[in-house]
Protein chains: 2
Amino acid sequence: MSIQHTPHQNHLLDALPAAEFARLQSHLELVKMPLGLALYESGGQLHHVYFPTTAIVSLLYVMADGASAEIAVVGNEGILGIALFMGGETTPSRAVVQSEGYGYRLKARLLKDEFNRAGPVMRLLLRYTQALITQMAQTAVCNRHHSVEKQLCRWLLLSLDRLPGNELSMTQELIANMLGVRREGVTEAAGKLQRDGLIEYSRGHIMVLDRPGLEMRVCECYQVVKTEFDRLLPSLHNSVID
Amino acid sequence: MSIQHTPHQNHLLDALPAAEFARLQSHLELVKMPLGLALYESGGQLHHVYFPTTAIVSLLYVMADGASAEIAVVGNEGILGIALFMGGETTPSRAVVQSEGYGYRLKARLLKDEFNRAGPVMRLLLRYTQALITQMAQTAVCNRHHSVEKQLCRWLLLSLDRLPGNELSMTQELIANMLGVRREGVTEAAGKLQRDGLIEYSRGHIMVLDRPGLEMRVCECYQVVKTEFDRLLPSLHNSVID
DNA sequence: ACTGATATGTTCGATACCGAACATAAGCAT
DNA sequence: ATGCTTATGTTCGGTATCGAACATATCAGT
């Protein structure tokens with residue numbers, strides 16, 4: 001059985017008005033996003049923007065000593081490469097595929113031109129950017145105040161929201177990298193969640209058995225971000241802006 | 001002696017092309033910003049945008065249990081109320097005056113109209129927003145990996161960059177609130193800096209004696225943010241965008 | 001000078017996380 | 001089956017920060 005791929009799997013593309021979508025459609029290029037692929041390096045040029053459909057991509061800051069932390073997650077609800085239309089051309093963050101899958105890409109020039117029409121595409125992208133800002137801000141607060149276990153719950157739920165099933169492929173080592181904590185810390189937190197029957201994992205495969213249970217344990221950060229995404233980007237296209 | 005106030009003290013306003021500045025100038029209203037004033041509450045309506053000149057404003061996230069953390073600082077280099085033009089109308093953050101002073105405000109409607117012209121003002125605001133995003137992201141990473149002392153250095157330098165002299169009015173209690181740590185933690189870190197002759201403080205007044213010394217101790221986060229601001233917002237107006 | 005309020009200093013034990021080392025176990029290639 | 005690699009589990013001592021309680025010091029008002 002082969003999987004159907006369509007740009008409409010990405011919520012931003014799906015939310016475009018017909019005219020705008022028509023302009024871009026033929027330029028959208030399906031790309032495979034294997035685990036670990038870096039779509040952008042810190043400070044590098046952005047030649048394309050990416051609209052994930054089944055993949056999940058993490059925005060990571062890597063520090064001089066190698067320590068890292070995830071500042072946001074982008075999946076089928078979003079776009080990678082906002083610095084392009086924000087005017088900076090580049091950012092100090094890396095974008096790394098965290099969960100393999102597919103997405104569509106578009107040449108930088110085309111997206112910029114579309115953005116510069118200052119129409120619905122621009123407004124949609126700016127709203128998405130604001131939602132992303134909320135996610136970053138909440139991550140900062142969460143890093144400050146919440147335990148590894150709560151952050152793991154948040155991370156699992158954010159990932160789950162961007163995937164079709166209830167399973168994700170991810171080693172504890174990689175999760176630790178995302179959260180910016182030690183692998184052992186993740187092992188301990190995940191072990192606790194497993195003992196309590198919320199998840200089940202083995203060698204890089206995590207199955208969520210009790211999603212409501214996770215939602216009970218997660219810190220408020222998850223819900224704040226989710227609510228803000230829903231508020232700013234109701235899944236149906238809504239052209240009543242301004 | 002009376003202090004001169006002019007919108008040009010704010011770098012964004014100062015960077016506007018003459019035509020745009022002329023349109024807005026008569027609508028700019030000088031406002032006093034006393035310590036602790038909340039320009040915006042979480043989720044509240046934004047009736048004005050603010051351009052600080054001598055004041056510094058913190059963007060804070062306050063959590064359900066009262067714990068808080070600063071996610072960004074805005075002074076004479078920036079603007080408060082970006083959610084207005086990003087399309088969200090509101091944000092989950094609070095904006096609180098951290099260092100008293102003055103600024104100019106502009107009615108929300110006027111800024112939106114100006115933004116919607118999709119000209120240089122829009123491009124400038126978007127670039128500023130990207131710089132702000134960098135600051136938030138770096139704050140998230142810093143919260144994760146760096147000691148209170150390093151973060152205090154970062155905070156002092158960020159504040160200093162937005163003030164005329166080498167002195168700031170700020171109790172350790174308030175700094176602790178910003179950094180999202182205990183007051184005692186700030187006392188200890190500040191005590192160390194004082195013993196080493198980098199700063200001198202008493203009851204809410206901090207004088208920086210050795211700025212290079214602070215720059216030696218601060219984590220890389222400070223420089224990353226500063227470099228990105230300089231890159232995105234060179235102080236002279238540069239209309240060569242796109 | 002007195003008083004109260006506020007800012008800062010100091011201590012204590014508790015806890016979460018770190019850093020390192022090592023043990024087990026599951027998958028993979030041959 | 002054998003061995004190699006990778007993922008996960010466990011332990012240990014060290015450190016930073018926390019939470020709370022209390023001590024001191026400076027300022028403002030009377």
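A, B, ... follow the sequence lines: proteins, then strands. Residue 1 opens every chain.
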**Student:** Just how far, in rounded Å, is P of dT6(C) from NE2 of H205(B)?
**Tutor:**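 Roughly 16 Å, once rounded to whole Å.
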**Student:** Pairs of donor and acceptor atoms involving the side chains of residues 131-140 of chain A, under 3.5 Å and at least two apart or interchain, shall be tabulated with distances.
**Tutor:**
unit_1	atom_1	unit_2	atom_2	d
T134(A)	OG1	Q130(A)	O	3.3
T139(A)	OG1	I71(A)	O	3.4
T139(A)	OG1	Q135(A)	O	2.7

**Student:** Between I175(A) (CD1) and dA7(D) (C1'), how many Å, whole number?
**Tutor:**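 After rounding, the gap between these two atoms is 12 Å.
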**Student:** Restricting to salt bridge (Lys or Arg N to Asp or Glu O under 4.0 Å), what partner residues turn up for K32(B), sequence neighbours left out?
**Tutor:**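 With sequence neighbours excluded, K32(B) shows a salt bridge (Lys or Arg N to Asp or Glu O under 4.0 Å) to no residue whatsoever.
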**Student:** Who pairs with R154(A) by side-chain hydrogen bond (donor to acceptor under 3.5 Å, both in side chains), at least two apart in sequence or on another chain?
**Tutor:**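 Counting only residues at least two positions away or on another chain, R154(A) forms no side-chain hydrogen bond (donor to acceptor under 3.5 Å, both in side chains).
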**Student:** Are Y128(A) and V74(A) packed together at the side-chain level, in the sense that at least one heavy-atom pair is separated by less than 4.5 angstrom?
**Tutor:**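 Counting from C-beta outward, Y128(A) and V74(A) do come under 4.5 Å.
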**Student:** Could you give all pairs that pass the side chain to side chain donor-acceptor pair (under 3.5 Å) test and reach residues 173-184 of chain B, with sequence neighbours left out?
**Tutor:**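 Residue pairs with at least one partner in residues 173-184 of chain B: R183(B)-T187(B).
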**Student:** Could I get the full list of side chain to side chain contact (heavy atoms under 4.5 Å, CB included) partners for L163(B), not counting sequence neighbours?
**Tutor:**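 So L163(B) forms a side chain to side chain contact (heavy atoms under 4.5 Å, CB included) with I56(B), S99(B), L168(B).
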**Student:** Can you name the side chain to side chain contact (heavy atoms under 4.5 Å, CB included) partners of N10(A), sequence neighbours left out?
**Tutor:**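 By the side chain to side chain contact (heavy atoms under 4.5 Å, CB included) rule, N10(A) matches L12(A), L13(A), F51(A), P52(A), T53(A).
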**Student:** Determine which bases of DNA chain C form Watson-Crick or G-U wobble pairs with both distances under 3.5 Å, and write the result as a 5' to 3' dot-bracket string with | for other-strand partners.
**Tutor:** ||||||||||||||||||||||||||||||
**Student:** Can you pull out every ring-ring contact (aromatic ring centres under 6.0 Å, His included) where at least one residue sits in residues 181-224 of chain A? Sequence neighbours excluded, please.
**Tutor:**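 Passing the test, one end in residues 181-224 of chain A: no pairs.
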**Student:** Could you encode protein contacts along nucleotides 25-30 of chain D as a string, one character per nucleotide from 5' to 3', using B for base contact, S for sugar-phosphate-only contact and - for no contact, with a heavy-atom cut-off of under 4.0 Å?
**Tutor:** BBS---
**Student:** With respect to L156(A), which candidate in V218(A), L214(A), L198(A), D161(A) satisfies the side-chain contact (heavy atoms from CB on, under 4.5 Å) definition?
**Tutor:**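 Considering V218(A), L214(A), L198(A), D161(A), a side-chain contact (heavy atoms from CB on, under 4.5 Å) with L156(A) is found only for L214(A).
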**Student:** If only side-chain N and O atoms of Y201(A) are considered, is one of them under 4.0 Å from the OP1 or OP2 phosphate oxygen of dA26(C)?
**Tutor:**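 False: Y201(A) side-chain N/O out of range (4.0 Å or more) of dA26(C) OP1/OP2.
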**Student:** At a cut-off of 3.5 Å, list every protein nitrogen or oxygen paired with a nitrogen or oxygen from nucleotides 10-17 of chain C, distance to 0.1 Å.
**Tutor:**
unit_1	atom_1	unit_2	atom_2	d
dC17(C)	OP1	V148(A)	N	3.0

**Student:** Hey, does G185(B) reach any base, or is it just sugar-phosphate, or nothing, if we go heavy atoms under 4.0 Å?
**Tutor:**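 Contact class for G185(B): none.
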**Student:** Specify the separation, in whole Å, of atom NE2 of H145(B) and atom C1' of dT15(D).
**Tutor:**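 The distance from NE2 of H145(B) to C1' of dT15(D) comes to 17 Å, rounded to the nearest Å.
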**Student:** Figure out the CD1/C1' separation between I206(B) and dT8(C), and round it to whole Å.
**Tutor:**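 So the two atoms are 12 Å apart, to the nearest Å.
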**Student:** What is the distance from CD of E173(A) to C1' of dA26(C), rounded to the nearest Å?
**Tutor:**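 About 17 Å, once rounded to whole Å.
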**Student:** For H48(B), what residues pass the side chain to side chain contact (heavy atoms under 4.5 Å, CB included) criterion, not counting sequence neighbours?
**Tutor:**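 Listed in chain order: Y50(B), R105(B), K107(B).
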**Student:** Measure CG/N177(B) against P/dT8(C) and give the value in whole Å, please.
**Tutor:**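 These atoms are roughly 13 Å apart.
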**Student:** Can you tell me the distance, in whole Å, between the CG atom of N143(A) and the C1' atom of dA16(D)?
**Tutor:**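 Atom-to-atom, N143(A) to dA16(D), this comes out as 16 Å.
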**Student:** What integer distance in Å separates L193(A):CG from dG9(D):P?
**Tutor:**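 Taking CG of L193(A) and P of dG9(D), I get 12 Å after rounding.
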**Student:** Between dG9(D) and Q172(A), is there an OP1 or OP2 to side-chain N/O distance shorter than 4.0 Å?
**Tutor:**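 Answer yes for this pair, as a side-chain N or O of Q172(A) is under 4.0 Å from OP1 or OP2.
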**Student:** Using the salt bridge (Lys or Arg N to Asp or Glu O under 4.0 Å) criterion, which residues pair with E149(A)? Sequence neighbours excluded.
**Tutor:**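 Expected list: K192(A), R217(A).
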